[in-house]
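Since this is a predicted model, take the numbers as computed values, not measurements.
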Amino acid sequence: EVRSSSATQSTTIGTLTHPSGAVGQFSFRPVLHGRSWVPKQCIYQDQYRRSSYALYPYLYDTIALIAKSVSGPGLATPLVWSYEYGATNHAWEEQGLASGCTGTKTVTVSEPDGTVLSYTYGNRYRADEGKLLEARTRSGTGVELRRELTDYQFSGPQTGLDLVMF
């Protein structure tokens, strides 16, 4: 079952004013994120197994920056950035094996000049979770200007699915 963030409607805005008169405004909201290839292990709260929770959750909320703007002297219009956090791409281990689970999460930043930055992170439990895998820069017209791929060399013993990188 996919749920939305428990507080998707609540946005918090913070404002900072520089002595020069520039004003930065930052908007935050809870955003639902997911993990893939998570082992499905339940903790039961009573002897009858009527209520349980996951030992390793595959969905979680964080407070995320969704927009920022800078305005003030010398700027005819405010400079505005927006942030999109994409699909959760969550899955239990057995679902990933059966479906060829994505195993990544992409964050997209739209800049004031129309440039779009895309950051793709691994979300595979105990493998590449939270690691930047790819960064792309596209012009406002969609032309790719830059692409960086990052490959990680893991040290120490890796077992099971930790070795399987798709």
Side-chain angles (χ1 to χ4, degrees), residues 1-16 24-42 53-71 77-154 158 160-166:
E1 169 186 347
V2 179
R3 64 176 179 83
S4 62
S5 180
S6 59
T8 54
Q9 303 308 314
S10 61
T11 298
T12 300
I13 298 173
T15 302
L16 300 171
Q25 187 173 58
F26 303 86
S27 301
F28 299 91
R29 180 178 66 219
V31 172
L32 188 64
H33 298 282
R35 305 162 84 189
S36 63
W37 296 81
V38 178
K40 190 173 186 179
Q41 296 179 9
C42 296
Y53 60 92
L55 178 60
Y56 307 108
Y58 73 170
L59 288 171
Y60 60 95
D61 283 313
T62 63
I63 302 298
L65 180 65
I66 58 167
K68 70 179 177 183
S69 67
V70 176
S71 60
T77 59
L79 301 175
V80 178
W81 291 258
S82 64
Y83 299 77
E84 296 290 329
Y85 293 89
T88 59
N89 294 337
H90 63 283
W92 296 119
E93 190 174 62
E94 63 268 14
Q95 292 171 315
L97 286 169
S99 68
C101 179
T102 302
T104 60
K105 167 118 178 160
T106 300
V107 177
T108 304
V109 181
S110 298
E111 296 193 324
D113 66 357
T115 301
V116 177
L117 308 172
S118 297
Y119 301 97
T120 300
Y121 297 90
N123 78 344
R124 292 185 53 151
Y125 173 79
R126 292 192 64 207
D128 62 4
E129 191 172 6
K131 296 196 177 346
L132 180 62
L133 303 176
E134 180 180 78
R136 288 182 176 214
T137 303
R138 288 194 170 96
S139 69
T141 60
V143 174
E144 187 167 85
L145 303 173
R146 183 179 178 115
R147 182 176 181 218
E148 296 176 43
L149 298 171
T150 305
D151 186 29
Y152 295 91
Q153 298 298 315
F154 298 100
Q158 301 281 316
L161 292 176
D162 293 344
L163 292 175
V164 181
M165 301 294 288
F166 295 93

- Show the numbers, then the answer: is there a side-chain contact (heavy atoms from CB on, under 4.5 Å) between Q25 and I13? CA-CA 7 Å; Q25 187 173 58; I13 298 173; 3.4 Å; yes
Would you compute the distance between atom [atom1] of [X] and atom [atom2] of [Y] and round it to the nearest 0.5 angstrom?
X    : Y    : atom1 : atom2 : value
L132 : T104 : CG    : OG1   : 11.5 Å
Y60  : H90  : OH    : NE2   : 12.5 Å
E93  : R126 : CD    : CZ    : 10.5 Å
L65  : S27  : CG    : OG    : 7.5 Å

- Message: For Y83, give me all partners under ring-ring contact (aromatic ring centres under 6.0 Å, His included), at least two apart in sequence or on another chain.
- Response: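 None.
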- Query: With sequence neighbours left out, what residues match F26 under ring-ring contact (aromatic ring centres under 6.0 Å, His included)?
  - Reply: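 Applying ring-ring contact (aromatic ring centres under 6.0 Å, His included) to F26 gives none.
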- Please identify each residue that fulfils side chain to side chain donor-acceptor pair (under 3.5 Å) with S139, with sequence neighbours left out. T141
- side chain to side chain donor-acceptor pair (under 3.5 Å) with T106: which residues, sequence neighbours excluded? T120
- Not counting sequence neighbours, list each pair that qualifies as a salt bridge (charged side-chain N to carboxylate O under 4.0 Å, His left out) and has a residue in residues 105-114. none
- Write out all pairs satisfying salt bridge (charged side-chain N to carboxylate O under 4.0 Å, His left out) with one or both partners inside residues 142-153, taking only residues at least two apart or from two chains. E134-R147, R136-E144, R138-E144, R146-E148
- Query: Take atom CD in Q41; do more than 12 heavy atoms of anything else shown fall under 6.0 Å from it?
  - Reply: yes
- Task: Fit a plane to each ring of Y125 and Y56, take the angle between them on a 0 to 90° scale, and name the class: parallel (under 30°), tilted (30 to 60°) or perpendicular (over 60°).
- Result: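 Rings of Y125 and Y56: tilted, as their planes differ by 30° to 60°.
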Heavy atoms only: give me the nearest [X]-[Y] pair and the separation to one decimal.
X    : Y    : answer
P57  : R35  : O-NH1, 3.0 Å
D128 : G103 : OD1-O, 4.3 Å
S110 : V116 : OG-CG2, 4.3 Å

- Query: Could you walk me through whether L117 and T108 pass the side-chain contact (heavy atoms from CB on, under 4.5 Å) check?
  - Reply: CA-CA 6 Å; L117 308 172; T108 304; over 6 Å; no
Check whether any side-chain heavy atom of [X] lies under 4.5 Å from a side-chain heavy atom of [Y], and answer yes or no.
X    : Y    : answer
Y152 : L133 : yes
L32  : Y85  : no
W81  : P112 : yes
V107 : Y121 : yes
T62  : H33  : yes

- Can you name the side chain to side chain contact (heavy atoms under 4.5 Å, CB included) partners of P78, sequence neighbours left out? S71, V80
Side-chain ([X]) to main-chain ([Y]) donor-acceptor, under 3.5 angstrom:
X    : Y    : value
Y58  : W37  : no
N123 : E129 : no
R29  : A64  : no

- Where do T88 and L59 land on the side-chain contact (heavy atoms from CB on, under 4.5 Å) test, with the steps shown first? CA-CA 8 Å; T88 59; L59 288 171; 4.0 Å; yes
